[in-house]
Amino acid sequence: MRLKYLICFFLIVFFSFAVFAILGEGTEIRNTYINEDYLEGKVNMSLDNESIDADLRGVFSGIYEYKVGLVDFLEENNLSYSCSPANCEDDYQVSGGETDKSFELNGEKFIGILLNGRNIEIKDFEFDVSSSAVSSCTSQLQIDILNDKEVNWVNDKFLLENCGSEIKSTCSNSFPVSVLIDQTPYCEQINLSFGPAFEVSMGIEKSGGSFYSGILNAYIYDKNGNNVGECELSNPASGRSKCVIEYANKKEQEHFVCVSLKEGEASEAYRLNANLLESCGFHGDPAVFPELVASYDIKVLQQKYSGVGSFSFDEEVFSEQNNRDLEDYFNAYLQERYSGDCSQGCVIPIRFSGGSQTVSVSDLDLDYDVQGGSGLSENNFYNAGRTAARINSDFFVFDLSNVNYSLPKINGNYTFELFLNYKKIFGEEISVFYSSLSGSVVRQIYPSSVAVANPTLFTIFIDPFLDTSGMTFRWDFGDGFSQTTSKNKIVYTYSEIGNYTLKVTLLNGIEEIGSANFDIKAESPKEAINLTLTDYEESVEKIQSRIEGLNERYREVFDEELALQEIKSDLENFRAEYNDLISDSGTLDSDYVYLMEQIVNFEIPLSVQPSQITNVEFINDLDNINLYEIENLFDDSNYGDENAYANAIVKWFVDNIDGKLNQEVWTVYYPTYSEDILTKFNVRISPRESLDYLGYFVVNESSDVLIFDSEYNFSEENNGVSGLTIDFLGESVIGFAKRGNVAVFDEVVFYLTPELDVLDVEEGSFTRPNDLKGWLLLLGALALLFLLALAFYVFLQEWYKKNYEGYLFKNRADLYNLIYFIRNAKRQRIEEKEIKKKLRKSKWKGEQVNYALKKLSGKRIGMWEIPILRFREKKKIEQEMRRRKRII
């Protein structure tokens with residue numbers, strides 16, 4: 001009975017705090033898209049107590065996701081809404097007041113101070129802080145009073161130890177001249193990192209005389225021209241003059257680092273190295289911010305943060321780091337957020353952020369006056385929880401076209417789902433199609449010349465990459481008769497001689513997908529034969545001309561597949577038979593009809609053209625790089641750790657190469673079907689600058705299978721892998737083809753790498769195959785024991801993986817569905833952290849997600865792994881990925 005009441009209580013609480021987006025009538029989504037980029041449709045909805053942080057997320061079949069902030073969308077489209085609180089800002093809830101509070105920090109933590117009363121005015125504020133954080137090159141602790149995203153305090157205690165490398169401007173390191181230092185500052189614009197203090201280093205020359213301390217000063221100015229720190233530069237006898245400026249920089253941003261003679265000093269003995277042709281600095285007053293016209297030899301080094309220890313956060317500390325009055329800061333907040341009325345309680349939030357440490361706060365002394373009394377104080381710290389503001393609205397029309405939800409770039413059927421954060425609003429099936437050629441998706445009719453009074457089979461050709469399942473064809477024959485079919489064929493008889501316009505429309509329900517008009521000649525059988533043969537002969541000539549425009553190596557494939565000379569011979573035979581019928585005065589109409597039927601049933605190619613053209617960026621895929629292939633093909637084995645080198649190759653490619661890939665699938669169209677003959681690839685490799693070393697282009701196919709567009713100097717093949725040596729002095733274009741319709745990066749895989757010795761990779765423990773015959777003769781027995789142990793270990797390793805995998809995935813298909821999603825997400829450049837987050841939201845266990853990620857990348861799972869069977873696993877994964885791709 002107690003459980004029953006507990007469940008009822010839970011349901012009441014849940015529905016009290018539930019948030020909803022309510023759909024209204026008029027919600028509709030366009031279902032079919034031809035050669036278009038964005039989703040279209042309208043959603044009639046209202047908002048009820050929705051979080052201000054919510055996102056409108058559009059998801060296509062769980063793979064492609066796009067989102068836009070709810071508030072951003074409402075404001076950009078001038079849609080009205082209201083908030084709670086009314087100012088649409090965060091609210092806070094507090095609990096557990098204590099005079100002393102300690103907490104473990106590793107990220108961020110909120111505490112709050114609670115005030116009560118009307119017309120509050122704060123008079124004084126301070127509290128003590130202590131932290132266990134030790135010295136570090138990164139800021140250990142930050143304090144943000146009011147949680148307004150402005151850090152109000154950072155550790156400003158430092159050690160005279162340099163952190164990181166020198167920080168300088170974006171200009172060159174060449175300083176061919178020197179300029180005389182005077183009392184007008186020479187300043188360099190430098191992006192300073194976080195730091196408690198900075199060592200300033202300047203290339204200063206001194207001519208003659210003694211050095212007098214205090215003559216030269218270095219300064220740091222913020223981007224508004226305010227002087228935030230200065231120091232006296234040392235003797236430049238060593239060629240550089242240095243000093244440390246105590247300035248706790250709380251935000252990485254541009255500063256001006258300057259040098260000048262101290263006020264009242266005059267000397268012509270000091271000169272600063274400069275480059276007057278660059279534009280990162282100026283000679284003038286930083287408060288005026290003159291034009292950047294030169295560059296100066298000025299650099300800085302961040303100093304190390306000392307341990308935080310204990311300190312008091314008070315008016316003086318706040319003013320030093322913020323240049324404003326703390327009490328005014330608080331009172332302005334209370335007026336703007338609460339209008340000074342804290343009769344229902346006002347919360348002053350304090351956000352602590354930083355690495356792992358123990359933080360303690362104590363001795364709060366907050367003095368304030370209220371309406372009707374003065375001299376009040378507060379000394380309790382509370383646990384504070386941030387709660388986002390809530391949005392409410394009446395019904396409004398949400399136009400999806402204003403959100404720019406990009407459609408998937410692969411043809412297919414998808415389920416589009418709209419979410420408000422992770423609450424599903426609705427789902428709808430859509431179809432996406434990208435025509436490979438310009439013009440209508442309705443391409444061609446066959447035949448265009450027919451014999452009158454003779455039933456004729458008409459075939460309409462549709463772009464082959466459009467899925468017409470569930471669609472219909474409406475045929476308007478131009479003689480007042482129309483008919484609808486579910487297939488692209490129909491038998492029709494024209495009863496009278498004449499010229500007709502046949503219109504064919506492709507429909508998805510009542511939505512028109514595409515249409516085209518065709519001229520049809522209905523002739524006597526005698527004339528129809530002549531026109532049809534003429535059309536055939538012209539088609540063959542056009543195909544012949546189109547093929548002759550291809551590379552001669554590709555032409556050979558079409559000559560072999562099409563046998564055009566045989567087709568020409570057959571057409572000549574038809575023409576001769578037709579001429580015999582004409583010359584015979586006893587020829588009947590039925591004789592012409594019989595010959596016409598033979599000609600119509602003759603499978604002649606009507607056209608040859610690309611049916612799919614793809615232009616994409618070519619990038620190296622880490623999973624495709626194989627150092628054994630590189631060694632066997634090019635005898636380049638200057639590598640150590642395999643994974644480190646593969647990562648270095650990918651990084652080299654991203655830093656140095658722009659790659660483009662053009663893919664064309666060439667298709668032959670026959671009267672009743674089409675056939676993919678050849679897939680052409682053109683890989684364009686463009687170094688961003690000339691490189692003085694060679695590289696290797698590796699393809700996972702034998703040169704006997706691939707058809708290259710010219711003579712290339714192939715390296716010796718190894719297990720069906722081909723390789724070319726290329727230089728990077730300029731742009732290279734590698735052209736090759738393979739018979740049939742070939743999926744790039746799936747069936748044909750290739751990658752690019754430089755000579756391995758140009759990669760800066762730390763040597764590891766990767767072992768190359770060696771000739772072990774001599775060792776085997778000496779250590780045969782030992783080797784046999786080793787092999788037996790290895791076999792036993794591999795057996796244990798595979799037994800463990802199989803059972804562990806079975807434990808995680810009762811249904812094996814779930815594993816490969818998960819891998820397929822991860823691989824597609826990575827190809828969209830979604831970070832692994834975001835992938836995990838999405839999958840956890842979809843109820844996948846963290847252990848399952850980590851297992852799938854490791855299996856996809858070939859990483860160790862469980863036991864230390866001997867990768868003897870890794871190739872088989874990789875092949876199995878690729879087979880499953882292709883199978884799912886075909887299903888989609």
Side-chain angles (χ1 to χ4, degrees), residues 101-111 127-170 188-201 218 220-223 226 228-231 242-257 298-313 317-318 320-323 349-361 386 647 651 762 831-834 836-837:
K101 186 177 288 291
S102 294
F103 51 88
E104 297 300 318
L105 179 66
N106 190 9
E108 64 178 31
K109 168 74 175 180
F110 287 92
I111 63 173
F127 65 96
D128 292 338
V129 183
S130 67
S131 165
S132 64
V134 297
S135 61
S136 172
C137 281
T138 58
S139 176
Q140 311 101 317
L141 180 65
Q142 302 87 42
I143 300 177
D144 174 6
I145 303 292
L146 308 184
N147 189 32
D148 55 4
K149 311 306 179 187
E150 180 182 345
V151 175
N152 302 116
W153 179 91
V154 294
N155 183 16
D156 57 1
K157 293 183 287 186
F158 64 94
L159 303 174
L160 290 175
E161 297 179 24
N162 294 332
C163 285
S165 55
E166 287 184 320
I167 307 170
K168 55 186 180 181
S169 68
T170 58
E188 188 81 349
Q189 183 173 264
I190 298 177
N191 189 41
L192 289 190
S193 62
F194 295 88
F198 296 90
E199 179 189 83
V200 179
S201 171
I220 295 179
Y221 293 84
D222 64 21
K223 63 180 182 179
N226 299 311
V228 295
E230 60 185 78
C231 62
K242 302 178 180 181
C243 64
V244 174
I245 295 179
E246 299 182 18
Y247 165 53
N249 184 31
K250 299 180 294 183
K251 183 177 181 181
E252 185 173 332
Q253 59 185 350
E254 298 289 350
H255 288 71
F256 303 123
V257 185
I298 299 175
K299 302 174 183 177
V300 295
L301 266 169
Q302 178 205 325
Q303 301 300 284
K304 191 173 188 178
Y305 292 92
S306 68
V308 175
S310 301
F311 64 95
S312 290
F313 188 97
V317 169
F318 181 86
E320 286 178 357
Q321 293 200 16
N322 298 273
N323 294 319
I350 304 175
R351 179 172 64 92
F352 293 81
S353 59
S356 180
Q357 59 194 289
T358 302
V359 178
S360 299
V361 292
R386 170 185 172 271
N647 279 289
K651 184 179 185 302
E762 191 174 330
E831 294 182 356
E832 188 168 298
K833 180 180 179 182
E834 187 65 19
K836 288 183 177 181
K837 182 178 178 181

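Only heavy atoms go into these numbers, but all of them, side chains included; no hydrogens, no water, no symmetry mates. Model, not experiment: these values are computed from the prediction.
Using a 4.5 Å heavy-atom threshold, the side chains of Val244 and Cys231 count as separate. For the pair Phe311/Lys157, no side-chain contact is recorded, criterion being any heavy-atom separation below 4.5 Å from C-beta on. Side chains of Val359 and Val129 form a contact here, defined as non-hydrogen atoms less than 4.5 Å apart. Looking only at side-chain heavy atoms (C-beta outward), Leu105 and Leu141 come within less than 4.5 Å of each other. At a threshold of 4.5 Å between non-hydrogen side-chain atoms, the residues Asp156 and Glu246 do not count as touching. Taking 4.5 Å as the limit, every side-chain heavy atom of Val300 sits out of range of all side-chain heavy atoms of His255.
Pairing each heavy atom of Leu301 with each of Cys163, the nearest pair is CD2-O, 4.2 Å. Counting all heavy atoms, side chain and backbone alike, Glu150 lies closest to Asn322 at OE2-OD1, 4.1 Å. Asp128 and Ser312 get closest at one heavy-atom pair: OD1-OG, 2.6 Å.
Summarising the local packing, NZ of Lys242 is surrounded by 12 or fewer heavy atoms from other residues, nucleotides or ligands at distances under 6.0 Å.
Under the 3.5 Å distance criterion, the side-chain polar atoms of Lys299 are left unmatched by any main-chain donor or acceptor of Glu166. Side-chain atoms of Asn155 do not come within 3.5 Å of backbone N or O of Pro196 as any donor-acceptor pair. Between the side chain of Gln140 and the backbone N or O of Ser306, at least one donor-acceptor pair lies under 3.5 Å. Glu199 places no side-chain N or O within 3.5 Å of a backbone atom of Gln303 that could act as its donor or acceptor partner.
With values rounded to the nearest 0.5 angstrom, Phe318 atom CZ is found 14.0 Å from Trp153 atom CH2. Atoms OG1 and CD, on Thr170 and Glu188 in that order, are 8.0 Å from each other to the nearest 0.5 Å. Residue Ile220 holds its CD1 atom at 12.5 Å from CZ of Phe256, rounded to the nearest 0.5 Å. Considering NZ of Lys251 and CG of Leu192, their distance stands at 13.5 Å, rounded to 0.5 Å. Annotation: the span from Gln321 atom CD to Asn152 atom CG amounts to 9.0 Å, rounded to 0.5 Å. Phe194 CZ to Lys250 NZ: the interatomic distance, rounded to the nearest 0.5 Å, is 11.0 Å.
Using modelled atom types, one finds a donor on one side chain and an acceptor on the other under 3.5 Å when comparing Gln142 with Ser353.
Considering only residues two or more places apart in sequence or on other chains, Tyr305 meets the ring-ring contact (aromatic ring centres under 6.0 Å, His included) condition with none of them.
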Open item on the list: For Val257 and Phe198: C-alpha separation, side-chain torsions, deciding distance, then whether side-chain contact (heavy atoms from CB on, under 4.5 Å) applies.
Closed with: CA-CA 10 Å; Val257 185; Phe198 296 90; over 6 Å; no

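Between Phe127 and Phe352, the ring-plane angle classifies as perpendicular under the 30° and 60° cut-offs.
Residue pairs meeting the salt bridge (charged side-chain N to carboxylate O under 4.0 Å, His left out) criterion with at least one partner in residues 130-147, sequence neighbours excluded, are Asp144-Arg351.
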